[in-house]
Amino acid sequence: MRAEDPRPVRLVDYRPSDFLIDEVHLDVKLDPTATRVTARLKMRPNPEGDASAALALDGDELTLISAAIDGVTLAADALDVSPASLRIANPPRGPFELEIVTEIDPTANTRLMGLYRSNASYCTQCEAEGFRRITYFLDRPDVLATYTTRIEGPTDETPLLLSNGNLVETGDAGDGRRFAVWHDPHPKPSYLFALVAGDLGVVEDEFVTMGGRTVALKVFVEHGKEDRASHAMESIKASMRWDEQAFGREYDLDVFMVVAVSHFNMGAMENKGLNVFNDKYVLASPETATDGDYANIEAIIAHEYFHNWTGNRITCRDWFQLCLKEGLTVFRDQEFTSDMRSRPVKRIQDVRNLRALQFAEDAGPLAHPVRPEIYHEINNFYTPTVYEKGAEVIRMLKTWIGDAAFRAGMDLYFDRHDGEACTIEQFVACFAETSGRDMTQWMRWYGQAGTPDVEVTTSYDEAARTFTLEARQSTPPTPGQSTKKPVVIPLALGLVDPDGRDVDLVVDGAAAGPVFALQAETTRLVFEQVARRPIPSLFRGFSAPVKVTSDLTDDHLLFLAAYDSDPFNRWQAGQTVALRNLVASVAAVREGGEPIDEPRLADAIGRVFAPEETDCAYAAQVAALPSEGDVARELRSDVDPDQVHAARTALKAALRRRLAGPLAAAFERLAETGPYSPDAASAGRRALKFAALDFLAAGGEPDGVARAHALYRSAGNMTDRVMALQALSLHAGPEREDALDDFAARFGGDPLLMDKWFVIQASAPLPGTLDRVQTLMGSPAFDIGNPNRVRSLIGAFGSSNPTQFNRPDGAGYDFVAGVALELNATNPQVAARLLGAFRTWRALEPTRRGKAEQALRRIAEAPRLSPDVADIVRRALAA
Ligand code: TRP
Ligand code: ZN
């Protein structure tokens with residue numbers, strides 16, 4: 001398919017299906033290259049569809065063997081069949097059974113969509129449109145059916161045969177083959193179908209639900225890796241308990257299974273009762289996983305489990321409604337992590353991530369609404385906007401209508417729509433009912449792309465004792481949306497008096513707030529009975545996904561950094577001062593001057609390294625400077641990543657000079673003592689230790705490099721080892737190469753550990769990095785057919801290495817474009833994701849912008865572009 005031949009799907013064109021499928025009976029006879037799939041579909045015309053319509057089923061690279069209706073084989077002239085569709089002009093106008101036999105080649109399936117092989121196992125991935133690569137089907141999320149699946153395979157290769165639901169029967173199929181039959185009683189769309197077959201190890205446990213039912217829990221991993229599955233298992237139990245307590249949601253099958261596979265396009269998939277995971281998000285032991293891995297596993301296990309209610313029991317009417325399940329489920333997993341660990345730290349991490357990915361997307365050519373209205377390739381809409389901004393919209397809704405109305409709205413949603421395929425309108429209507437609010441303006445959050453800017457100005461009238469806050473909102477244009485309307489922006493506000501205490505908020509003589517809705521272009525809030533001029537603490541807890549500018553001075557912010565009762569805003573205040581400094585330094589560097597010194601930052605950051613600091617995880621967040629990406633976004637245009645890097649490196653070095661003593665003391669105080677534990681408090685201590693080390697080694701300072709090298713050599717767990725290697729990797733020298741060689745020698749046989757080694761080298765801001773990455777592509781540990789390897793080496797280079805990806809000679813762009821073109825043929829989904837590295841190319845200074853555009857044009861003009869890649873480059877280049 002060519003880039004010039006796009007046939008978009010539009011939300012306004014939605015029509016109910018002309019046919020329904022009530023029951024699916026699948027019979028899958030596994031074979032490495034010729035798997036036979038027989039699908040018996042109990043169908044009927046949809047009373048809401050067109051009664052005279054043809055039956056048009058979706059396919060993708062399918063080979064039809066035969067088709068029959070009610071037992072009568074269809075003659076070739078009754079069918080219009082291609083690999084991509086099967087059309088029957090005159091199907092029965094009442095209930096009927098359609099039987100379709102297809103043959104597929106799982107070994108040749110390098111796209112990892114549909115049925116494919118990963119190492120020796122078979123597995124499936126059907127979201128969004130993978131089921132049509134298994135059999136011809138009405139492959140759309142509003143067609144809900146019960147599934148009965150019989151799987152048959154060779155006993156020696158596939159002793160394990162899994163599908164959705166409950167196990168009905170297993171047995172000997174003769175000829176050295178076995179079979180298993182699974183039945184899933186819950187009607188579901190085809191994208192939630194899954195099948196796994198192979199020879200895997202298992203870890204088992206059980207969970208008793210709040211209703212007293214015992215659920216068998218199973219985590220399947222490669223033989224020999226069972227000892228790395230216990231954290232995933234504990235995370236399943238914690239997730240089940242939490243969903244009962246927080247949302248009253250109980251699990252609904254006899255068994256819940258998680259399977260780890262090593263070839264996977266994304267993180268994990270919520271198939272009913274049979275979640276399939278990227279092994280990266282299952283396997284963990286102190287020797288092989290970092291604190292970050294432990295946290296990710298817990299969060300992703302929770303995310304997929306929570307989909308059982310938000311996604312599976314209630315699913316999406318069409319793919320435009322993707323945020324209905326994804327935004328809501330991200331919100332739920334964020335809340336889970338907040339309850340399991342530290343709420344402020346989780347909020348800070350989520351906001352960092354939102355700004356780095358979603359704000360960047362929203363400011364560039366790939367910006368789109370949380371609910372898009374048009375797409376060419378749905379795979380490209382599993383984005384930070386749909387997921388993370390989608391979660392922010394839910395969080396804002398809760399902030400705006402209050403906890404009680406929010407919880408009541410969720411209960412109403414589960415109650416009213418269980419078993420249905422829904423729209424955002426139906427979801428939001430539940431909250432309109434429980435809160436009594438008009439949601440018309442609220443819906444703009446779903447339809448309008450772009451990050452709103454909010455400009456706050458304040459004044460104090462000493463005589464009248466009033467404090468006035470004026471907020472102006474505007475949203476910049478985004479592709480296809482030149483003008484924007486005001487949105488409902490919840491402002492969680494504190495007014496902090498000069499003693500650091502929160503003032504009571506009084507408006508019109510009555511207690512008010514702390515949440516105020518900014519609904520008009522300009523909102524004026526007048527607070528009364530304010531005895532002394534307060535300092536406003538704006539958007540506490542990041543109450544809305546907006547960019548704030550205000551008339552607060554650095555002195556005000558440094559005051560808030562010390563005294564604000566809201567921990568998020570204490571962190572934010574320090575970040576804002578640092579960001580202002582970095583932006584000023586970039587301007588100075590651009591003029592040929594020196595970066596600007598800001599001694600007061602050393603006070604704010606030095607505090608968190610003091611021995612009195614007990615919340616280390618939070619302290620580590622305060623100590624982490626804004627990223628180079630944060631600075632680039634603040635500059636908005638004409639970005640030179642080398643200047644940004646220079647400014648940030650100078651600030652780090654200045655902080656090291658001022659804080660050398662306290663940093664070294666903290667680093668030593670925080671050394672590991674007992675055995676490794678991945679709990680949040682221990683992980684927090686390690687994070688703060690790393691923050692100290694990062695400063696100590698800034699600029700390649702020999703003392704800091706020596707400390708990093710010693711930590712690497714003495715590391716007793718993977719977190720210490722990786723953080724030491726990370727610190728060393730930034731500075732060329734013998735310590736760096738020694739540690740990298742040692743890591744490869746120790747862990748060369750473990751692909752997930754070699755991924756860490758790839759990421760660290762690909763992210764290094766050193767002039768030789770691109771050569772190194774190209775060399776590493778030839779190393780035995782690399783495999784272009786495995787998405788984890790590709791993401792770790794090429795993905796990290798493109799997305800986590802601002803200076804080297806954006807080399808002024810354009811070699812970084814050409815390299816990533818070249819790999820994307822190579823993958824275009826074999827795994828278009830992963831190829832398109834690599835091109836996410838270009839999402840901010842228009843914000844670069846002219847030389848780099850020109851080179852980036854050339855690389856994108858080279859892709860656009862290449863032959864046989866996949867829809868995935870064609871869609872991304874076309875949008876990236878659109879003016
Ligand atoms: N629904 C999955 C999730 O939220 C993600 C997903 C979508 C996915 N499409 C996929 C995973 C394709 C793997 C492959 O977690
Ligand atoms: Zn999800």
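In each ligand, atom 1 is the first atom listed, and ligand 1 is the first ligand listed. Values below: all heavy atoms of this structure, side chains included; hydrogens, waters and symmetry mates excluded. When a residue number appears, it is its place in the shown sequence, counting from 1. Being a predicted model, the structure only gives us computed values, none of them experimental.
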Are a donor atom and an acceptor atom from the side chains of His368 and Thr383 found within less than 3.5 Å of each other? yes
Using salt bridge (Lys or Arg N to Asp or Glu O under 4.0 Å) as the criterion, list what pairs up with Glu377, not counting sequence neighbours. none
Excluding sequence neighbours, so at least two apart, what forms side chain to side chain donor-acceptor pair (under 3.5 Å) with Asp418? Arg313
Quick one: do the Tyr14 and Asp142 side chains pair a donor with an acceptor below 3.5 Å? yes
Measuring from the Zn ion (ligand 2), name the closest N, O or S atom belonging to Glu326. OE1
In a simple table, one pair per line, please give the protein and ligand 1 atom names for every N or O pair closer than 3.5 Å, along with the distance.
from: ligand 1; atom 1: 1 (N); to: Glu127; atom 2: OE1; distance (Å): 2.5
from: ligand 1; atom 1: 1 (N); to: Glu270; atom 2: OE1; distance (Å): 2.7
from: ligand 1; atom 1: 1 (N); to: Lys325; atom 2: NZ; distance (Å): 3.4
from: ligand 1; atom 1: 1 (N); to: Glu326; atom 2: OE2; distance (Å): 3.1
from: ligand 1; atom 1: 4 (O); to: His303; atom 2: NE2; distance (Å): 3.2
from: ligand 1; atom 1: 4 (O); to: His307; atom 2: NE2; distance (Å): 3.3
from: ligand 1; atom 1: 4 (O); to: Glu326; atom 2: OE1; distance (Å): 2.9
from: ligand 1; atom 1: 4 (O); to: Glu326; atom 2: OE2; distance (Å): 2.9
from: ligand 1; atom 1: 4 (O); to: Tyr387; atom 2: OH; distance (Å): 3.0
from: ligand 1; atom 1: 15 (O); to: Ala268; atom 2: O; distance (Å): 3.2
from: ligand 1; atom 1: 15 (O); to: Glu304; atom 2: OE1; distance (Å): 3.2
from: ligand 1; atom 1: 15 (O); to: Glu304; atom 2: OE2; distance (Å): 2.7

Between Arg332 and Thr310, is any side-chain donor less than 3.5 angstrom from a side-chain acceptor? yes
Side chain to side chain donor-acceptor pair (under 3.5 Å) partners for Tyr382, two or more places apart: Glu127
